[in-house]
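Counting convention: from 1, in listed order, for ligands and their atoms alike. When a residue number appears, it is its place in the shown sequence, counting from 1.
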Amino acid sequence: MPKKIHVNLFEMNCVGHISHGLWVHPDNNRHRFNDIEFWTELAQLLEQGTFDAVFLADVIGAYDGFRGGPETALRESVQIPNNDPLLLIPAMAAVTRNLGFAATFSTTYEPPFAFARRMSTLDHLTKGRVAWNVVTSYLPNAARNFGLADEVEHDRRYAIADEYLDVLYKLWEGSWDDDAVIRDVDNRVYTDPAKVRYINHVGENYRVAGPHLSEPSRQRTPVIYQAGASDAGRGFAAKHAEAVFVGGFSLDDVRANIEDTKDRAVAYGRDRDHIKFLAGAAVIVGRTDAEVDRKVAEFRRLRSVEGHLAHAGAGLDWTRYHPDERVADIIARQDPGHQRLTSRFRPEQTVGEVLERFGGFDRGPFFVAGTPKVVADELERWVDHGGIDGINLRQFLTPGTAADFIELVVPELRRRGRYRESYDEGETLRERLFGAGRSRLPAVHPGARYRDPAALAATTPEPVPVG
Ligand SMILES: Cc1cc2nc3c(=O)[nH]c(=O)nc-3n(C[C@H](O)[C@H](O)[C@H](O)COP(=O)(O)O)c2cc1C
């Protein structure tokens with residue numbers, strides 16, 4: 001049996017997510033992102049295409065590093081204006097039955113208790129179709145929005161995230177028994193108090209008493225997605241994640257990163273197969289080569305290199321230079337912002353080459369432009385040789401990118417036995433990834449240990465009495 005491909009749509013509640021500049025394309029609908037219909041129509045389209053899920057990225061600050069302010073990001077709509085991702089989910093869930101929803105939320109700025117309830121609410125409303133993309137946030141402006149002078153140090157953010165998840169697991173997995181709600185009218189007992197407990201978490205960063213306020217939802221813990229690339233980030237993924245956005249410079253690099261994360265997961269007592277790996281994929285498909293070439297040329301013409309520079313937080317305004325100037329010249333002149341160039345660029349690179357790289361949607365490891373056969377070949381190569389389980393489909397146009405994929409690529413993948421024919425009705429998102437009957441975290445996952453009330457009590461000291 002050929003391995004089937006999981007497909008998520010890479011989205012964000014904003015105009016310009018990662019394909020900067022294409023908001024000016026006449027076929028792009030993204031300026032409608034404030035309308036609920038934009039999201040309900042998109043969800044219905046994805047469900048027609050039997051996508052696994054829509055994946056919603058998020059940032060909680062502005063990109064104001066480039067040219068010392070947010071002006072470029074604002075002008076080119078680089079993730080601003082943006083809106084909350086979680087609030088889209090009930091709307092999209094109401095018009096679909098099977099599509100999954102993976103939303104990003106940061107562990108760095110808002111404490112865990114309210115978020116635990118929000119995710120449980122979403123898991124109830126969607127009947128077990130939600131995932132959470134755990135991020136620790138990288139924008140300095142985000143820190144300043146939440147009362148801090150600057151970003152929390154990188155590895156410390158992951159240490160905080162680790163405790164954050166510990167609190168959530170206690171609330172989601174440990175605070176309520178499955179059979180706590182009995183709705184016993186005769187004896188006037190809605191919830192059996194003996195089956196609900198405080199968590200009494202006292203840690204370095206959080207003190208949370210519990211009990212959790214939501215009763216158990218189908219998945220309890222939402223499916224945990226994560227995209228860390230650093231050593232700390234990969235360690236975090238190995239311990240917690242069930243779906244990883246794997247990065248890398250090439251197919252071989254991606255395969256090595258997958259193996260590394262799986263090895264680390266085993267060291268945490270987990271199973272190698274308990275993590276799925278998704279690669280960000282840029283796919284431009286057309287019925288003919290001419291149609292494909294036309295689309296690629298159009299996207300290249302309309303893209304905004306400045307938008308990409310703002311997104312990357314480029315400390316140097318590369319647009320000020322002649323394209324033939326070399327990195328070595330800029331360093332030699334000690335121009336403002338030159339300090340970080342040595343580690344990130346080669347001295348002989350020209351400004352033109354650097355700008356091309358920043359704006360180049362066609363040079364990531366997974367870029368394919370071609371007819372359905374060419375695209376399907378490349379997807380199969382990444383699954384069979386790269387070791388990925390699926391993709392996070394990058395959008396150039398909304399709804400064009402997803403519509404093209406559904407119309408042209410999905411039938412080709414189905415012909416090859418690589419893509420589901422239909423959903424298994426009523427399955428949870430975790431079941432879609434790991435198989436029927438597996439709606440809950442597996443027993444070897446670190447979050448599962450709190451199902452045992454003794455473990456919950458053992459890991460949490462008694463709270464310090466108040467007064
Ligand atoms: C596909 C993908 C999606 C991501 N989405 C977000 C996001 O929505 N919000 C965010 O703050 N960071 C996002 N990130 C950044 C990661 O959370 C992470 O910070 C980054 O990959 C660097 O890894 P590190 O934190 O381990 O250094 C994303 C990364 C990737 C590869």
ask   = For Glu306, what residues pass the side chain to side chain donor-acceptor pair (under 3.5 Å) criterion, not counting sequence neighbours?
value = Arg67

query = Would Arg30 and Trp23 count as a side chain to side chain contact (heavy atoms under 4.5 Å, CB included) if you check the C-alpha gap in whole Å, the side-chain angles of each, and the deciding distance to 0.1 Å?
reply = CA-CA 7 Å; Arg30 295 212 62 86; Trp23 62 275; 5.8 Å; no

request  = Give the ring-plane orientation class for His17 versus Phe10, where under 30° counts as parallel, over 60° as perpendicular and anything between as tilted.
outcome  = perpendicular

request  = For residues His240 and Tyr169, establish whether the separation of their ring centroids is below 6.0 Å.
outcome  = yes

request  = Name all pairs fulfilling the ring pair (Phe, Tyr, Trp, His ring centres under 6.0 Å) condition that reach into residues 60-81, sequence neighbours left out, sorted by first residue then second.
outcome  = Tyr63-His311

Residues in the immediate environment of ligand 1 (any heavy atom closer than 4.0 angstrom) = Phe10, Ala57, Asp58, Thr104, Asn133, Val135, Ser137, Tyr138, His154, Tyr158, Ala227, Gly228, Ala229, Ser230, Gly233, Phe245

All salt bridge (charged side-chain N to carboxylate O under 4.0 Å, His left out) counterparts of Glu71, not counting sequence neighbours = none

